[in-house]
Amino acid sequence: MEIKDINGLFSGKKPLLLAHRGYTPIAPENSLVSFAAAAERHYWAIETDVHETLDGVLVCCHNFSLGKMYGASAKIEECTYAELSKLHIVNGNNCDKYTAEELRLPKFDEYLEICKKSGCVPFIETKGDVVAKTLKAVESFGLTKHSVLSSINFEHIAEARKLNGDIFIHHIFSTPELMERIAEFGNGGLSYNYPILDEVPDGLIEQTHAAGVRVCLRAGDTVENVGRMMSMGLDYIPTNCITPDECNKII
């Protein structure tokens with residue numbers, strides 16, 4: 001079966017590299033600085049995680065709690081954005097080089113603006129009950145057909161497809177059984193939880209493609225691994241550190 005690219009997301013120059021939580025070698029994850037750095041390096045996509053504050057503001061952060069990155073005993077859903085905006089990231093690369101403003105909790109709209117201006121695909125992982133609101137925000141920026149909505153929670157994927165037939169959906173750490181459901185939804189992809197490439201079962205990638213579903217694995221953190229992932233036929237490649245320029249040598 002030929003996989004349809006109804007949104008033209010996968011027609012760009014290979015490999016299609018996804019900057020996981022922004023470009024983090026020079027800035028903390030999920031920060032305005034890491035998003036801007038990824039945009040400057042012309043990644044295919046920039047990944048982030050989306051939560052909702054107590055007063056309904058969508059923000060970008062991996063964890064529900066701000067303890068790890070912000071050093072604060074606070075949960076996003078229990079605080080207003082005004083309260084959270086007073087905090088800044090204290091853990092991550094080069095925190096001492098950036099201002100508190102650059103390291104405050106980013107609003108989702110700010111992330112979308114960076115993606116839109118740079119032409120990078122927003123690759124959005126939903127956390128909590130935010131699918132409908134996230135889709136509305138993406139639509140307000142005119143990015144529905146240029147974005148990916150992803151989640152480790154399959155019900156989020158199902159909800160997204162029920163609400164919107166255009167956005168590309170992606171299930172994190174999926175299974176062959178759930179892959180069949182993604183195939184029924186259409187215009188979707190997944191990742192399998194095989195961090196070691198040699199452990200990927202023979203024929204799994206081909207089986208997924210035959211069902212009309214795109215696939216990636218984690219993570220292309222060396223140029224050699226990116227090359228192997230390309231040879232395996234993966235459609236897009238998450239990375240924590242490899243830049244598109246570094247991959248020119250393997251194209």
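One is the number of the first residue; the rest follow in order along the sequence. All values reported here derive from a predicted model rather than from experimental measurement. All values below come from the heavy atoms of this structure, side chains included, with hydrogens, waters and symmetry mates left out.
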Measure across [X] and [Y] and return the closest heavy-atom pair with its distance rounded to 0.1 Å.
X	Y	result
I89	P28	CG2-CB, 3.6 Å
H171	L178	CE1-CD1, 3.4 Å
D49	K127	OD2-NZ, 3.5 Å
L190	S174	CB-CB, 3.8 Å
F123	Y111	N-OH, 3.0 Å
G189	V213	CA-CG1, 3.7 Å

According to a 4.5 Å side-chain heavy-atom criterion applied to Ile, Leu, Val, Met, Phe, Trp and Tyr, with indirect links allowed, do [X] and [Y] form part of one hydrophobic cluster?
X	Y	result
L9	I169	no
I172	L234	no
L58	L143	yes
L18	V148	yes
F64	V90	no

Practice item. Would you check, one step at a time, whether the test side-chain hydrogen bond (donor to acceptor under 3.5 Å, both in side chains) holds for S151 with H156? Key: CA-CA 6 Å; S151 182; H156 287 199; 3.2 Å; yes
Calculate, to the nearest 0.5 Å, the distance between atoms [atom1] and [atom2] belonging to [X] and [Y] respectively.
X	Y	atom1	atom2	answer
I76	T53	CD1	OG1	9.0 Å
L149	E159	CG	CD	9.0 Å
H20	I242	NE2	CD1	15.0 Å

Exercise for review: Evaluate the criterion side-chain hydrogen bond (donor to acceptor under 3.5 Å, both in side chains) for residue pair R21 and N240; output intermediate values, then yes/no.
Suggested key: CA-CA 8 Å; R21 306 179 194 174; N240 293 295; over 6 Å; no
**Study point:** Any donor-acceptor N or O pair under 3.5 Å, side chains D245, T243
**Key:** no
Point to revise | Salt-bridge present (R228, D198; N to O < 4.0 Å) | key: yes
Point to revise | Steps toward side-chain hydrogen bond (donor to acceptor under 3.5 Å, both in side chains) verdict (H209, D235) | key: CA-CA 10 Å; H209 282 159; D235 297 286; 2.7 Å; yes
Review point. Any idea how Y43 and Y23 line up, ring-wise: parallel (<30°), tilted (30 to 60°), or perpendicular (>60°)?
Key: tilted
Point to revise | M229 and I237: CA distance, side-chain angles, deciding distance, side-chain contact (heavy atoms from CB on, under 4.5 Å) verdict | key: CA-CA 7 Å; M229 289 175 168; I237 300 173; 3.4 Å; yes
Practice item. For side-chain hydrogen bond (donor to acceptor under 3.5 Å, both in side chains), just list the numbers for H62 and N30, CA-CA rounded to whole Å, side-chain angles, deciding distance to a tenth of an Å, and then say yes or no. Key: CA-CA 7 Å; H62 178 69; N30 278 319; 5.3 Å; no
Strictly distance-based, threshold 3.5 Å: is any side-chain N or O of [X] a donor or acceptor partner for the main-chain N or O of [Y]?
X	Y	answer
N94	A27	no
R161	N164	yes
E102	T99	yes

Review point. More than 12 heavy atoms of other residues, nucleotides or ligands under 6.0 Å from CG of D129: is that the case?
Key: no
Check your understanding: Should the pair R214 and Y236 be classed as cation-pi, given the thresholds of under 6.0 Å to the six-membered ring centre and 45° from the axis?
Key -> no
Practice item. Begin from the C-alpha positions of Y194 and L204 and carry the test side-chain contact (heavy atoms from CB on, under 4.5 Å) through to its verdict. Key: CA-CA 11 Å; Y194 292 102; L204 181 61; 3.8 Å; yes
Check your understanding: Under 4.5 Å between any side-chain heavy atoms of R181 and F154, yes or no?
Key -> yes
Point to revise | Full working for side-chain contact (heavy atoms from CB on, under 4.5 Å) between R104 and V59 | key: CA-CA 11 Å; R104 64 170 170 78; V59 295; over 6 Å; no
Review point. Step by step, would you call V50 with K133 a side-chain contact (heavy atoms from CB on, under 4.5 Å)?
Key: CA-CA 10 Å; V50 180; K133 195 162 186 174; over 6 Å; no
